[in-house]
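Since the structure comes first, as structure tokens, the remarks are kept for the end.
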Amino acid sequence: MAKLAVLALLALLGSVACQTGGYGYGGGSPTPPITYPQPSYGGPPAAGGLRVGYYDYKCPGAEYVVRKVVGYKDAGVKAGLVRLFFHDCFVQGCDASVLLDPTPANAEPEKVGIPNLTLRGFEVIDEAKAALEARCPGVVSCADIVAFAGRDASYFHSGRAIDFDVPAGRYDGRVSHKNETIPNLPPPFADVDRLKQMFAAKGLDTVDMVALSGAHSIGRSQCSSFADRVPPPSGATTSGSDMDADLAASLRRQCTTPSDTVAQDAVTPDALDNQYYKNVMSRQVLFRSDAALTTAADTMGLVRASAYFPGWWNAKFAEAMVKMGAVAVKTAANGEIRKQCRFTNY
Ligand code: HEM
Ligand SMILES: *[C@@H]1O[C@H](CO)[C@@H](O)[C@H](O)[C@H]1NC(C)=O
Ligand SMILES: CC(=O)N[C@H]1CO[C@H](CO)[C@@H](O)[C@@H]1O
């Protein structure tokens with residue numbers, strides 16, 4: 001019971017934390033002044049010299065430009081932007097290495113790696129970058145744009161319930177290799193120990209890992225990504241997984257080819273909310289990695305807390321996004337401010 005009281009308190013704190021630091025402007029109104037309250041999360045000091053309000057003087061309104069570009073996109077692309085931030089940060093740090101196109105000098109960047117095949121949102125980053133280059137050339141890094149866009153997509157997808165300040169000042173990397181995607185990005189068949197390990201390798205703990213997994217309450221997945229749990233109709237008749245039978249049947253109907261896509265969260269497909277955790281508990285999730293959160297006592301406790309206390313999860317998600325955004329960030333010493341997000345400057 002004491003435990004429950006603590007959780008309730010945390011939930012309360014969480015919902016308060018989420019109400020501070022909001023921008024609170026509407027889509028079509030003229031550019032309001034942007035204020036940057038101090039971060040309301042209790043995370044560690046941002047690494048790599050990142051700072052909230054980094055562009056206040058260097059490029060006033062920069063964050064507003066990104067938010068506006070993101071705001072006009074459809075729900076699917078917005079979901080893609082949340083995932084893009086994750087994939088950027090887990091491979092070579094949050095340095096926009098995920099954005100680099102193949103070139104004669106580097107024919108196999110991260111983008112052509114298997115986990116990246118279904119990434120989307122690149123053109124949104126290009127659009128924001130073009131607008132920012134017109135406004136203040138050579139100032140705003142692609143890595144910061146990816147981080148702002150991930151935050152803004154979360155904001156819109158959560159009906160503005162999740163909003164947080166993103167410390168900025170990342171530089172863009174020059175290194176991007178396809179062979180570094182699979183070793184760094186957790187696969188959908190990962191078990192709970194592997195998930196913990198792969199997040200820990202990035203300085204993210206189990207609370208961060210479970211909180212960030214809630215991103216699977218938006219967006220879509222190709223049927224090939226959970227084929228191990230729902231074999232195609234022509235294949236085996238039992239999936240051999242613990243997936244809810246109704247969901248499995250529905251997925252089998254929706255999946256006629258491996259590249260068909262389905263909603264990750266069948267209940268509230270376009271809301272970034274704690275429904276994901278309810279789905280985990282009722283075995284209505286797509287991946288083995290989602291279902292794996294029920295297999296350890298600590299992750300299961302966090303799943304329950306997130307399912308019961310939405311305000312608490314909102315705050316933990318925001319905190320973990322900020323922490324993820326500090327993974328191995330580059331500085332002027334080992335990075336650059338790219339002119340175009342798809343290419344390094346030289
Ligand atoms: C915990 C380990 C994780 C695994 C194993 C994993 C795996 C996957 C897979 C396999 C897909 C579907 C890709 C496809 O078939 O098209 C997916 C989609 C997605 N993931 Fe994750 N993911 C993980 C963590 C995260 C994190 C930390 C975030 C962000 C904070 C995230 C955000 C998303 C989003 C938003 C989508 C939907 C993308 C879209 O609709 O375009 N995932 N994930
Ligand atoms: C990936 O490939 C690049 C060059 O193709 C190489 O320099 C790098 O060491 C490789 N990394 C790993 C982890 O194998
Ligand atoms: C989104 C994206 O750029 N995906 C690329 C992944 O890699 C293949 C090649 O292996 C490209 O054709 C895709 O465009």
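Just follow the structure's listing: the first ligand is 1, and inside any ligand the first atom is 1. All values below come from the heavy atoms of this structure, side chains included, with hydrogens, waters and symmetry mates left out.
Within 4.0 Å of ligand 2, protein heavy atoms come from His177, Asn179, Glu180.
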Atom pairs, nitrogen or oxygen, ligand 1 to protein, under 3.5 angstrom:
from	atom 1	to	atom 2	distance (Å)
ligand 1	15 (O)	Ser221	OG	3.4
ligand 1	15 (O)	Gln222	N	2.9
ligand 1	15 (O)	Ser225	OG	2.5
ligand 1	16 (O)	Thr118	OG1	2.9
ligand 1	16 (O)	Gln222	N	3.4
ligand 1	20 (N)	His216	NE2	3.0
ligand 1	22 (N)	His216	NE2	2.9
ligand 1	40 (O)	Arg120	NH2	2.7
ligand 1	40 (O)	Arg220	N	2.7
ligand 1	41 (O)	Arg120	NE	2.6
ligand 1	41 (O)	Arg120	NH2	3.4
ligand 1	42 (N)	His216	NE2	2.9
ligand 1	43 (N)	His216	NE2	3.0

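Of all heavy-atom pairs spanning Ala168 and Phe148, the tightest one is CB-CZ, 3.6 Å. A pairwise comparison of heavy atoms in Cys94 and Ala143 identifies O-CB, 3.5 Å as the closest pair.
Counted by atom type alone, Asn106 and Thr103 present zero donor-acceptor pairs between their side chains at under 3.5 Å. For Ser217 and Gln275, the side-chain atoms include no donor-acceptor pair closer than 3.5 Å.
Tyr308 is linked by a side-chain contact (heavy atoms from CB on, under 4.5 Å) to Met281, Arg304, counting only residues two or more places apart in sequence or in another chain. Partners of Asp246 by side-chain hydrogen bond (donor to acceptor under 3.5 Å, both in side chains), not counting sequence neighbours: none found.
The cluster map of Ile, Leu, Val, Met, Phe, Trp and Tyr, joined by side-chain heavy atoms under 4.5 Å apart, puts Met198 and Leu302 in different clusters.
A donor-acceptor pair under 3.5 Å links the side-chain atoms of Asp265 to the main chain of Thr268, judged by distance alone.
At a threshold of 4.0 Å, the pair Lys78-Asp270 does not count as salt-bridged, since none of the basic side-chain nitrogens sits closer than that to a carboxylate oxygen.
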